[in-house]
K.L.:
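Encoded as structure tokens, here's the structure I'll be asking about.
Per chain, numbering begins at 1; letters A, B, ... match sequence-line order.
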Amino acid sequence: MPLDQSFAGRSYPPTEPYEVGREKIREFAEAIGDPNPAYTDPEAARALGHEDVIAPPTFVFAITFQAAGQVIQDPKLGLDYARVVHGDQRFVYTRPVRAGDRLTVTSVIETVRSMAGNEILDVRGEVHDAAGEHVVTAYTKLVARQKDDGEDRA
Amino acid sequence: MTAQIAYAEVATGDELPSAVFPVTRETLVRYAGASGDFNPIHWNERFAKEVGLPDVIAHGMFTMAAAIRVVTDWAGDPAAVVEYGVRFTKPVVVPDDDTGARIEVSATVAAKLDDEARTVRVDLIARSAGQKVLGMARAVVRLA
């Protein structure tokens with residue numbers, strides 16, 4: 001069944017704040033195998049002009065994708081999550097995420113469309129800090145495939 | 001923000017130092033835990049094959065994280081990356097052995113965007129097993 005096209009432009013309420021911890025950043029940096037001291041050593045981060053350790057550029061995806069769950073699991077939208085693959089991902093940063101941040105995400109459905117039998121959903125996640133300042137926007141393209149041919153999974 | 005590469009010293013066509021990132025099953029389990037993405041296609045061979053994949057595949061977001069290291073290592077400060085986007089075109093297939101897979105990343109300064117903001121566009125190429133695994137992989141980087 002095609003997705004409900006009237007969902008384009010729909011905005012979801014901001015999430016409860018996610019508090020970014022130094023050790024969570026460290027765990028993530030180790031998981032991607034990146035020894036950059038800006039991720040683990042507050043002094044090294046400060047030497048670069050940051051208030052505390054910063055997170056690798058893609059760290060915030062875990063937060064925005066969880067927020068996008070509101071959209072993906074919205075029963076009225078009718079997305080079959082078992083068929084969903086991650087098509088594109090883009091981040092636009094005002095500043096890096098850093099330890100101590102309390103981040104909220106506002107998810108917006110940018111577009112809903114059908115192409116070659118696939119349902120394509122573009123979700124934008126606006127990430128703000130506790131002061132209400134913009135930190136980063138995540139643009140996530142999800143593709144619900146018509147047939148499960150196993151390609152292009154990510 | 002203190003990038004260590006000066007905008008004035010960079011020219012379109014410059015190549016960044018390339019890098020190779022190994023990915024084993026252990027890498028994927030660790031990434032699943034750190035990122036919270038426990039989709040079984042990234043750790044369960046039986047499940048991956050049931051849904052038509054050749055084997056367990058890496059998280060697309062792991063590949064995205066590995067690729068940008070070529071840029072952050074070059075720029076010095078990871079905060080120099082002001083924009084970063086990719087398309088997930090092919091999966092990185094990770095066999096259950098001691099070597100796993102390799103992600104080979106190269107990058108080129110594709111354009112100098114803004115003399116005042118000192119931003120450049122860097123185009124990335126990520127390959128695994130001879131195939132491009134990311135498409136349209138681009139970063140906008142603010143230099144010193």
K.L.:
Side chains of A:His50 and B:Asp77: is there a donor and an acceptor less than 3.5 Å apart?
P.N.:
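The criterion, which ignores hydrogens and geometry beyond distance, is satisfied for B:Asp77 and A:His50.
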K.L.:
Are B:Val82 and B:Val10 connected in a single hydrophobic cluster, I mean Ile/Leu/Val/Met/Phe/Trp/Tyr linked by side-chain heavy atoms less than 4.5 Å apart?
P.N.:
no
K.L.:
Let's test your reading of the structure: which of A:Ala29, A:Ala38, A:Gly33, A:Ala47 forms the most heavy-atom pairs below 4.5 Å with chain B?
P.N.:
A:Gly33
K.L.:
Which answer fits A:Pro57, side chain, backbone, both or neither, if we ask what part of it has an atom under 4.5 Å from a heavy atom of chain B?
P.N.:
side chain
K.L.:
State, without any angle test, whether B:Glu15 and B:Thr108 hold a side-chain donor-acceptor pair at a distance under 3.5 Å.
P.N.:
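Not at all, the side chains of B:Glu15 and B:Thr108 share no donor-acceptor pair under 3.5 Å.
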K.L.:
Using ring centroids (six-membered ring only for Trp), state whether A:His86 and A:Phe61 fall under 6.0 Å.
P.N.:
yes
K.L.:
Check whether A:Tyr39 gets within reach of chain B through its side chain, its backbone, both or neither, counting any heavy atom under 4.5 Å.
P.N.:
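For A:Tyr39, the contact with chain B is made by the side chain alone.
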K.L.:
If you count heavy-atom pairs under 4.5 Å with chain B, which of A:Arg90, A:Glu27, A:Glu30 comes out on top?
P.N.:
A:Arg90
K.L.:
So what's closer than 4.5 Å to chain A heavy atoms on B:Ala66: side chain, backbone, both or neither?
P.N.:
neither
K.L.:
Can a cation-pi geometry be assigned to B:Lys112 and B:Tyr7, taking NZ or CZ under 6.0 Å from the six-membered ring centre and within 45° of the ring axis?
P.N.:
yes
K.L.:
Below 4.5 Å, heavy-atom pairs only: which of A:Val92, A:Asp34, A:Ile54 has the largest tally toward chain B?
P.N.:
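Between A:Val92, A:Asp34, A:Ile54, the count favours A:Asp34.
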K.L.:
Considering only heavy atoms, which portion of B:Tyr84 lies under 4.5 Å from any heavy atom of chain A: side chain, backbone, both, or neither?
P.N.:
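For B:Tyr84, the contact with chain A is made by backbone and side chain together.
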K.L.:
Can you tell me which residue among B:Asp98, B:Asp97, B:Asp55 is in a salt bridge (Lys or Arg N to Asp or Glu O under 4.0 Å) with B:Arg25?
P.N.:
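The passing option is B:Asp55.
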K.L.:
Mind ranking B:Glu26, B:Gln4, B:Arg138, B:Arg30 by heavy-atom pairs under 4.5 Å with chain A and telling me who comes out on top?
P.N.:
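Heavy-atom pair counts peak at B:Arg30.
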